[in-house]
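Worksheet for the structure shown next.
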Amino acid sequence: MNKGKNLEKKILDRVYRFETKKTVGEILLKGATFLFLGFTVFILGSIFYEILKEQTTFDLLEIFSEDFEVIKKYFFETVYIFYLELPKIILILLLILISIFFYLSWQLFKNFNKIKNKVISLIKFWRRKI
């Protein structure tokens, strides 16, 4: 009878080790992906801003400090010129990365309790073992 319990204990130990590795791997992968995407969005956003600043594109926005009639008269021309001066490839890439970043943030927020419960149960199991 002792061999059966011993075998059961070994099997449970292996299952918990596997689950521990899987959970830690998931957390590290998601964290690294989240940080990498955040860093990439920050870098691309900075590049995008510097390009617009270098082209003095933001000077076009000074029209909005004028009277309402001036804004009304030149609004569409200003928007069109601003559109023409945008670095479109960087803007598209930046929008895609921001979308992915927010999607991952939403998934992380949505599944936070599941991940937290897994980590807590694994910590409790390993504390009991030690």
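These numbers come from the heavy atoms of this one structure, side chains and all, not from hydrogens, waters or symmetry mates. Because the structure is a prediction, the values reported are computed rather than measured.
Residues Leu86 and Leu52 are in side-chain contact: their nearest non-hydrogen atoms beyond the backbone lie under 4.5 Å apart. Within the 4.5 Å cutoff, no side-chain heavy atoms of Ile100 are placed close to those of Val41.
The CZ atom of Arg14 sits 15.5 Å away from the CD atom of Glu19 when rounded to the nearest 0.5 Å. Atom CG in Leu108 sits 12.0 Å away from atom OH in Tyr103 (nearest 0.5 Å). Here the straight-line distance linking atom CD of Glu26 with atom CG of Leu28 works out to 10.5 Å at 0.5 Å rounding. The line from CG of Leu37 to OG of Ser105 is 9.0 Å long, rounded to the nearest 0.5 Å. Note that the NZ atom of Lys9 and the CG atom of Asn6 stand 7.0 Å from one another [nearest 0.5 Å]. We find the CD1-NZ distance between Ile27 and Lys22 to be 12.0 Å, quoted to the nearest 0.5 Å.
In terms of heavy-atom proximity, Pro87 sits nearest to Ile51 at CG-CG2, 3.8 Å.
Partners of Phe102 by ring pair (Phe, Tyr, Trp, His ring centres under 6.0 Å), not counting sequence neighbours: none found. Listed by chain and residue number, Phe39, Ile47 satisfy the side-chain contact (heavy atoms from CB on, under 4.5 Å) test with Ile43 (two or more places apart in sequence, or in another chain).
In this structure, Lys53 fails the cation-pi test against Phe48, since its NZ or CZ atom is not both closer than 6.0 Å to the six-membered ring centre and inside 45 degrees of the ring normal.
Cluster membership check: Phe18 does not share its hydrophobic cluster with Leu7, using side-chain heavy-atom separations under 4.5 Å among Ile, Leu, Val, Met, Phe, Trp and Tyr. When the side chains of ILVMFWY residues are joined at heavy-atom separations under 4.5 Å, either directly or via intervening members, Leu95 and Leu44 end up in a single hydrophobic cluster. Cluster membership check: Ile92 shares its hydrophobic cluster with Phe101, using side-chain heavy-atom separations under 4.5 Å among Ile, Leu, Val, Met, Phe, Trp and Tyr. Note: the hydrophobic cluster containing Phe34 also contains Ile96 (ILVMFWY, side chain heavy atoms under 4.5 Å, direct or indirect links). When the side chains of ILVMFWY residues are joined at heavy-atom separations under 4.5 Å, either directly or via intervening members, Ile89 and Leu93 end up in two distinct hydrophobic clusters.
Other residues, nucleotides and ligands contribute more than 12 heavy atoms inside 6.0 Å of the CG atom of Leu84. Residue Lys21 places its NZ atom among 12 or fewer non-hydrogen atoms of other residues, nucleotides or ligands, all under 6.0 Å distant.
For the pair Lys30 (side chain) and Gly25 (backbone), a donor-acceptor distance under 3.5 Å is absent.
One finds a salt bridge joining Arg17 and Asp13 here, because a Lys/Arg side-chain nitrogen approaches an Asp/Glu carboxylate oxygen to under 4.0 Å.
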